[in-house]
Amino acid sequence: MDSRYNSQQTEDEIYTLWEKADAFNPDSVKKLRQENDNKQDSSTGEQFSIILPPPNANDPLHVGHAMYTIEDVLVRYHRMLGDDTLWLPGTDHAGIETQFVFEKKLKKEGKSRFNFDRSTLYQMIWDYVQENSSVATDQMKKLGFSLDWSRFKFTLDKDIVDNVVETFQLLYKDGLIYRDLKLVNYCTRCGTSYSELEVNHEDKIDPLYTIQYGPLQVSTVRPETIFGDVAVAINPNDDRYKQYIGKMIEVEFPWGNKTMPVIADNYVDPKFGTGAVKVTPYHDQNDFQMWETHKSEISEVPVPVINTSGKIYNAPKKYNGLGVINARAAVLEDYEAYKDSQGRSLLISIDKKYSHSVGVCYRCAKPIEPLPLPQLFIKVADSSNPKNKKSNLVKRALESLDSGETKIHGAGREKVLRHWLKNLKDWNISRQIVWGIPIPVWYKINDNEDKIIVSFVDKNKVYQTGKLSKWLETTSLKEIKQNIQSISADISVPYSVSVEDPKLTTTTEKDVSDYIQETDTFDTWFSSSQWPVATLKTNKKGDFERFYSTSVMETGYDILPIWVMRMMLLGNYLTGKTPFKNVYLHGLIRDEKGKKMSKSKGNVINPLEVKEEFGADALRMALVIRSTPGQDKSVGKPDFKAARNLTNKIWNAARFTTLMIENPHETSVLKNAPGDAEYFVKLNSIISEISKHLSDLKLGLAAEVIYNEFWHWYCDICIEDAKQGKISLEVLKVGLVTFLKMLHPFMPFVTESIWQELLKKNIVSEKLLIVSDWPTQVS
RNA sequence: GAACUUGUAGCUCAGUUGGUUAGAGCGCUUCGUUGACAUCGAAGAGGUCAGAGGUUCGAGUCCUCUCAAGUUCACCA
């Protein structure tokens, strides 16, 4: 053995050794363990399973992914204990993320998604993802993760897709799906709507304009939405304006006059601005709410004035087609120039330092546009049918927390989760992108041709959009369907939920369908939220019964609401059982100074680079040692270096112990030295301590204890004592074997590599450390 | 406005149901190549555990308040 441990030389070789033995597959581990030392079956009969949070299929790993180490430590520990252990890998299609990246690529080539019909675009993205799909999985192997690759799943695998669609149908049957025209959070750059969880809020300073509004004055930061106004609102207790309540007022605009009612609503804060608010139902959430409650007082039917491209429409001609920012400028310019009949300006004042918070796209940071779109929603807290316990998704999830069926590990995160669950709004699951699972909803065409807007690429590869009725005059339905980009059906159009065209199943006529399919796809998180159920149901027969509920879900606390919570909603709904008994939420990885990592700061750690320089074991140990769930963790070069030094220490301790056993000196005692009994007492207490910490999911502590005991007890004291014959070489060997086993989950490569050396020298008998027995009390 | 988290050695952090002289890594000082490891060993300096009060035989650990930092949510015409 060399005097130094060389991680580069051994790691790949060791991983191959495990893979060849099929040591990650629970179906072969039992046999492997028996063969390992020709022993009795030492299975515990317990089951232990973790579903890997699927990384994006087309992205390389970042440090956050290296935290999968936590899962690997648990899995390796339980495998050695003799539990029936599964760690199931997969990757995610990451709908919006991936399409966004792909569109960037198209843009570079001078193209856009509007050049392609849906199926062509889908195929292009598919190919693109396939090209990159092995990046993430290869990297996971480099870090030593003992994932059962034979059970690998991709979120767009056909069986997974079928499963997700089936869930949707179930939800629909249970009355938990509805289609409604609501204001959704729409990003006009990404071209899709988002759920409330995907909107970030940023503080911004924008001018606040106060304008004359009939006899009242109102303040707004968004004058461009003024075309969509249908009323003015004041607080019911505001004495200044009481006389106007319920009255119609005449409002003068630079482009003409309009009469509208004054409504009274408690939402209006009399102390803010002038105490009067213009009501634009289709472009502001609060206005929408006010409109809904005061519908009977407002005769005018609101119209949207901003479209999904962020352009003005349904406005006076000169403004139509302008982008939001340009429209704002144009409106202001006109206000500045305009004088009313008495020569006064309608623009009263401008507060240039007005600070407010603006919802922005989590993906591209562009301000979110609240737009009225018909979308599909999941009722998260349906109480209309108390008999059907399943139907209140939120309640079920809360119950599983109350009963302890689901335990949350992570400083204070359970409270956060409960808060989320209690305040959760219905979940918008429609996304206007191609890269995802198509929604199995079909709209009836007959009698609704005027209510369905279609966009498609025509014969000449030109993007066309308009009412279906208009296009059917010149183009066949078949052709439109083949080249479809998107459709938008009015909320009044009847629809069926079906995988196949509902008409085709009942008619003998070919291609004379009376239905057209929704072009929206599911929110990626809708499929992700079924991941523990779907991966096990679509895998080897019996896997679901064998491994569900899973033992641990380990992920970052940042996706607690967006993912973990939703898995609880749907997992419980689908199976009546929690998808995971424990949720382990790791903290964010920060740099050595405790600063957040970001590309602009240049302090991002690439796990693969760390692996190259210090070895995978060092990376793993540095991340796990002294980590606590829910708490952020700082790591930097000194930490990797310290952990790398540990690999070398282990290597040398093994080397030297072997040397002593093979060439005992005169001072050595082979067996029964005076200190042996006391030594065993200590060793036993270490074994119990480490085992307890690992069973309790206290990995940071387990790692720290084993580090200290190995280095400062075994190496510094025991080896020195053995040199002087205070303890025997026999027990020193037992100690080495025990420590290698306990270190293995954390540092699998160096320990297995030493083990193979010891095997050659007949110092150990079990053939593979990875499937060896976890140490029990020695005597 | 609210909730949550954090405050322990120069730095980054552990501290397991309250229980001897409060720990680690890095850094620092002084020694040291005697059968492995200098990616090492030995010895050592360094902490009124943010502050104040309380519960207790006993508090870094539990409770209350104060101060500070961070995160998230809500509102924003």
Side-chain angles (χ1 to χ4, degrees), chain A residues 1-5 196-197 200-201 203-204 206 208-211 213 217-223 225 232-234 267-269 272-280 284-287 290 354-359 410-420 423 557-558 560-561 587-588 590-594 596 614-615 618 622 625-628 630-660 663-665 667-668 689 692-693 696 698 700-705 707-708 711-712 715-716 719-720 722-723:
Chain A
M1 284 170 84
D2 294 338
S3 69
R4 286 183 186 187
Y5 170 64
E196 50 166 343
L197 304 186
N200 291 332
H201 294 271
D203 284 331
K204 284 198 175 171
D206 281 312
L208 178 69
Y209 307 97
T210 300
I211 56 175
Y213 216 77
Q217 294 180 348
V218 298
S219 300
T220 180
V221 283
R222 302 205 59 189
T225 63
V232 185
I234 56 141
Y267 159 74
V268 182
D269 176 5
F272 186 94
T274 61
V277 188
K278 68 189 198 65
V279 181
T280 321
D284 183 286
Q285 292 285 1
N286 295 308
D287 292 8
M290 281 200 280
Y354 176 64
S355 162
H356 64 153
S357 125
V358 178
R413 300 294 159 184
E414 180 173 339
K415 286 181 192 168
V416 174
L417 176 61
R418 284 175 181 275
H419 182 262
W420 269 107
N423 295 288
Y557 65 72
D558 50 332
L560 176 65
L588 261 55
R590 295 165 177 271
D591 75 4
E592 59 196 278
K593 291 275 155 62
K596 255 188 183 172
F614 299 100
I625 194 165
R626 267 169 268 119
S627 69
T628 330
Q631 224 61 63
D632 290 356
K633 167 119 182 123
S634 295
V635 286
K637 268 209 174 178
D639 300 288
F640 299 130
K641 213 171 143 186
R644 190 268 324 264
N645 292 354
L646 175 62
T647 57
N648 194 54
K649 191 74 182 175
I650 301 168
W651 181 262
N652 272 292
R655 191 159 73 99
F656 185 62
T657 305
T658 311
L659 201 71
M660 281 206 286
N663 307 292
H665 279 207
T667 50
S668 306
E689 197 179 356
K692 183 167 191 319
H693 286 327
D696 293 347
K698 294 189 169 154
L701 212 58
E704 184 173 19
V705 170
Y707 181 109
N708 290 331
W711 199 312
H712 301 302
C715 294
D716 292 349
I719 290 182
E720 295 307 316
K723 283 179 189 172

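The chains referred to below are lettered A, B, ... by the order of the sequence lines, with proteins before strands, and numbering in each begins at 1.
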Within the 4.0 Å heavy-atom criterion, would you say [X] contacts the bases, only the backbone, or no part of the nucleic acid?
{"X": "A:Asn663", "answer": "base"}
{"X": "A:Met1", "answer": "nothing"}
{"X": "A:Gln631", "answer": "sugar-phosphate"}
{"X": "A:Asp269", "answer": "base"}
{"X": "A:Val635", "answer": "nothing"}
{"X": "A:Arg413", "answer": "nothing"}
{"X": "A:Lys723", "answer": "base"}
{"X": "A:Tyr354", "answer": "sugar-phosphate"}
{"X": "A:Ala233", "answer": "nothing"}
{"X": "A:Tyr707", "answer": "sugar-phosphate"}
{"X": "A:Asn648", "answer": "base"}
{"X": "A:Ser668", "answer": "base"}
{"X": "A:Leu208", "answer": "sugar-phosphate"}
{"X": "A:Trp420", "answer": "sugar-phosphate"}

Spacing between [X] atom [atom1] and [N] atom [atom2], to the nearest angstrom:
{"X": "A:Phe656", "N": "B:U33", "atom1": "CZ", "atom2": "P", "answer": "17 Å"}
{"X": "A:Leu701", "N": "B:G23", "atom1": "CG", "atom2": "P", "answer": "15 Å"}
{"X": "A:Asp203", "N": "B:C75", "atom1": "CG", "atom2": "C1'", "answer": "11 Å"}
{"X": "A:Arg644", "N": "B:C26", "atom1": "CZ", "atom2": "P", "answer": "11 Å"}
{"X": "A:Leu417", "N": "B:U72", "atom1": "CG", "atom2": "C1'", "answer": "14 Å"}
{"X": "A:Ile650", "N": "B:C40", "atom1": "CD1", "atom2": "C1'", "answer": "15 Å"}
{"X": "A:Lys637", "N": "B:U12", "atom1": "NZ", "atom2": "C1'", "answer": "17 Å"}

Spacing of CE belonging to A:Met660 relative to OG belonging to A:Ser668, to within rounding of 0.5 Å: 6.5 Å
Atom pair CD/CZ of A:Gln631 and A:Arg626 - distance to nearest 0.5 Å: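 The distance works out to 15.0 Å.
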For [N], give its Watson-Crick or G-U wobble partner with both distances under 3.5 Å, or none.
{"N": "B:U71", "value": "B:A3"}
{"N": "B:A45", "value": "none"}
{"N": "B:A24", "value": "B:U12"}
{"N": "B:A50", "value": "B:U66"}
{"N": "B:G19", "value": "B:C57"}
{"N": "B:A36", "value": "none"}

Base of B:G35 and ring of A:His665 stacked, centres under 5.5 Å, planes under 30°: yes
Between [M] and [N] - [atom1] atom distance, rounded Å:
{"N": "B:C75", "M": "B:U56", "atom1": "C1'", "value": "45 Å"}
{"N": "B:C67", "M": "B:G25", "atom1": "P", "value": "38 Å"}
{"N": "B:C28", "M": "B:G46", "atom1": "C1'", "value": "9 Å"}
{"N": "B:A50", "M": "B:C40", "atom1": "C1'", "value": "38 Å"}
{"N": "B:G44", "M": "B:A52", "atom1": "P", "value": "31 Å"}
{"N": "B:U29", "M": "B:G35", "atom1": "P", "value": "29 Å"}
{"N": "B:A59", "M": "B:G18", "atom1": "P", "value": "13 Å"}
{"N": "B:A24", "M": "B:A14", "atom1": "C1'", "value": "7 Å"}

With respect to the phosphate group of [N], does any side-chain polar atom (N or O) of [X] fall under 4.0 Å of OP1 or OP2?
{"X": "A:His712", "N": "B:G25", "result": "yes"}
{"X": "A:Ser634", "N": "B:C13", "result": "yes"}
{"X": "A:Thr628", "N": "B:A14", "result": "yes"}
{"X": "A:Lys649", "N": "B:G41", "result": "yes"}
{"X": "A:Trp711", "N": "B:A24", "result": "no"}
{"X": "A:Asn645", "N": "B:C40", "result": "yes"}
{"X": "A:Arg4", "N": "B:U39", "result": "yes"}

Upstream residue (5' side of RNA chain B) when A:Val277 and A:Ala642 are each assigned their closest nucleotide: A:Ala642
Nearest-nucleotide 5' precedence on RNA chain B, A:Val358 against A:His693: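 The residue closer to the strand's 5' end, by nearest nucleotide, is A:His693.
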Where the side chain of [X] meets the backbone of [Y], is there a donor-acceptor pair that is under 3.5 Å apart?
{"X": "A:Asp632", "Y": "A:Gly587", "value": "no"}
{"X": "A:Trp651", "Y": "A:Met1", "value": "no"}
{"X": "A:Lys633", "Y": "A:Ile625", "value": "yes"}

side-chain contact (heavy atoms from CB on, under 4.5 Å), paired with A:Val218, selected from A:Val279, A:Val277, A:Ile211: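 Going through the options one by one, the only one that passes is A:Ile211.
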Any donor-acceptor N or O pair under 3.5 Å, side chains A:Asp287, A:Tyr267: no
Under-4.0 Å salt bridge between A:Lys692 and A:Glu689: no
Shortest side-chain distance from A:Glu704, nucleotide among B:G41, B:G23, B:G35: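 Nucleotide nearest to A:Glu704's side chain: B:G23.
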Candidate nucleotides B:C75, B:C4, B:G25, ranked by approach to the side chain of A:Arg626 - the nearest: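 Taking heavy atoms from C-beta onward, the closest nucleotide is B:G25.
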